Peer 1: 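One structure coming up, written as structure tokens, with questions to follow.
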Amino acid sequence: MASLLLSFAPNATAMGLPAYAPRRPAADPVVVRCSLSGAVDGGGARSADDYQATLRTLNSKGVRRAPRKSLGQNYMLNSSVNEQLSSIAEIKEGDIVLEIGPGTGSLTNVLVDAGATVLAVEKDPRMAALVRDRFQGVDRLTVLEEDFMKCHFHSYMSHLLESKKSMGTDLQYAKVVSNIPFNISTDIIKRLLPLGDIFSDVVLLLQDETALRLVDPSLRTSEYRPINIFVNFYSGKMFAEYAEYQFKVERKNFFPQPNVDAAVVTFKLKRTADYPEVGTIKGFFSMVNSAFNAKRKMLRKSLQHFCTSLEIEEALKNAGLPVTSRPEELSLDDFVRLHNLLTLR
Ligand SMILES: C[S@@+](CC[C@H](N)C(=O)[O-])C[C@H]1O[C@@H](n2cnc3c(N)ncnc32)[C@H](O)[C@@H]1O
């Protein structure tokens, strides 16, 4: 596989990717299937970016540049994983979807096919050009060539939602469906989860280890970290987990093959009104981070720059917690109670 390098001509058809073809052309009852090698045949159910076709195309396109490791470029070779991402997010006609890192556009293809309006944010200019070229003439797709971490997508999504509402639809929220670069997945999650004002669901393909760490790690384990408090603060649904591990995706499904497996995780975002009540969110997370910075220390020591040991012990007692508590022993609710007792004195 190492010798299988991808030529990134900034042109989809030059790379052998199919131009976008709708699943069911309105005027033509014959279903058209495009493979990644560019061949088009009748009789298939839909345009598919499948494993063999992808490998054939990548092999046949010669070697120019390798996918960029720094951009986490591991492309999905299995179209059924893309289908599952879309179906877990329940993407349907009229939905608005944010996709981070469309790459070759294989997931984009499934989302557009499902009838969604898609905003795709791609940092690599070659891949952005490729996706634009592939979906030429598809007015339900906009490709922003930007770094997602710096991109002002919020106003764009709000605008899309407003225009859907003005057309009389009852769509309230957009969704995020993405196969994201593993190296910045925590930063992406931190950026997305507080956006319950525009997103209802976030469905991500993540490194398996990250997925397992995010989804409900037990108290008193080394896996329990501030990101878990963060996930629980901003996402969750009544009577279910905050984040749900859906299924594992083995490394062999990607090109180039990473050294790790992946997994699909879903987050249901809370509305602002459903966040736990704290003095300020910034102050709350500042306390949580301080507590975990000295994970082995008892809170009465690690939080001393907020107040005295005696005051912390008093607050712990009033919160119904042992005075000897360490951060990994506290749930989100425990942290909220402790924070409010310390700050709302
Ligand atoms: C794991 S690949 C996934 C590609 C495609 N979605 C797929 O499933 O095959 C990650 C994609 O994210 C892009 N990317 C990496 N960092 C990014 C960033 N900061 N902002 C936007 N896109 C980024 C990469 O160029 C690449 O296309």
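Read the numbers this way: they start at 1 and go in the same order the structure lists the ligands and their atoms. Worth saying up front: this structure is predicted, and the values here are computed from it rather than measured. Throughout, residue positions are numbered sequentially from 1 according to the sequence presented.
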Peer 1: Looking only at distance, does L107 have an N or O less than 3.5 Å from an N or O of ligand 1?
Peer 2: no
Peer 1: Check each atom of ligand 1 against the heavy atoms of E99 and keep those under 4.0 Å away; list them by number with element.
Peer 2: 6 (N)
Peer 1: Should the proximity of P102 to ligand 1, defined as any heavy atom under 4.0 Å, be assigned to the side chain, the backbone, both, or neither?
Peer 2: backbone
Peer 1: Would you check whether N74 has a nitrogen or oxygen atom less than 3.5 angstrom from a nitrogen or oxygen atom of ligand 1?
Peer 2: no
Peer 1: How far is atom 23 (C) of ligand 1 from its nearest protein heavy atom, and which residue and atom is that?
Peer 2: K123 CB, 3.7 Å
Peer 1: What protein heavy atom lies closest to atom 10 (C) of ligand 1? Include the residue and the distance to one decimal.
Peer 2: G72 O, 3.6 Å
Peer 1: Check each of Q73, E122, M127, E145 against atom 13 (C) of ligand 1 and report the one with the nearest heavy atom.
Peer 2: E122
Peer 1: Less than 3.5 Å apart, any donor N or O on the side chain of Y245 or T266 sitting next to an acceptor on the other?
Peer 2: no
Peer 1: Test the R140-F135 pair against the cation-pi criterion, namely NZ or CZ under 6.0 angstrom from the six-membered ring centroid and within 45° of the ring axis.
Peer 2: no
Peer 1: Of the side chain and backbone of T108, name the one, both, or neither that has a heavy atom under 4.0 Å from an atom of ligand 1.
Peer 2: neither
Peer 1: Ignoring angles and geometry beyond distance, decide whether M76 reaches within less than 3.5 Å of ligand 1 through its nitrogen or oxygen atoms.
Peer 2: yes
Peer 1: When the ring centroid of F335 is compared with that of F233, is the distance short of 6.0 Å?
Peer 2: no
Peer 1: Any idea which of N179, I188, V131 brings a heavy atom closest to atom 8 (O) of ligand 1?
Peer 2: N179
Peer 1: Starting from atom 19 (N) of ligand 1, which protein heavy atom do you reach first, and at what distance in Å?
Peer 2: D147 OD1, 2.9 Å
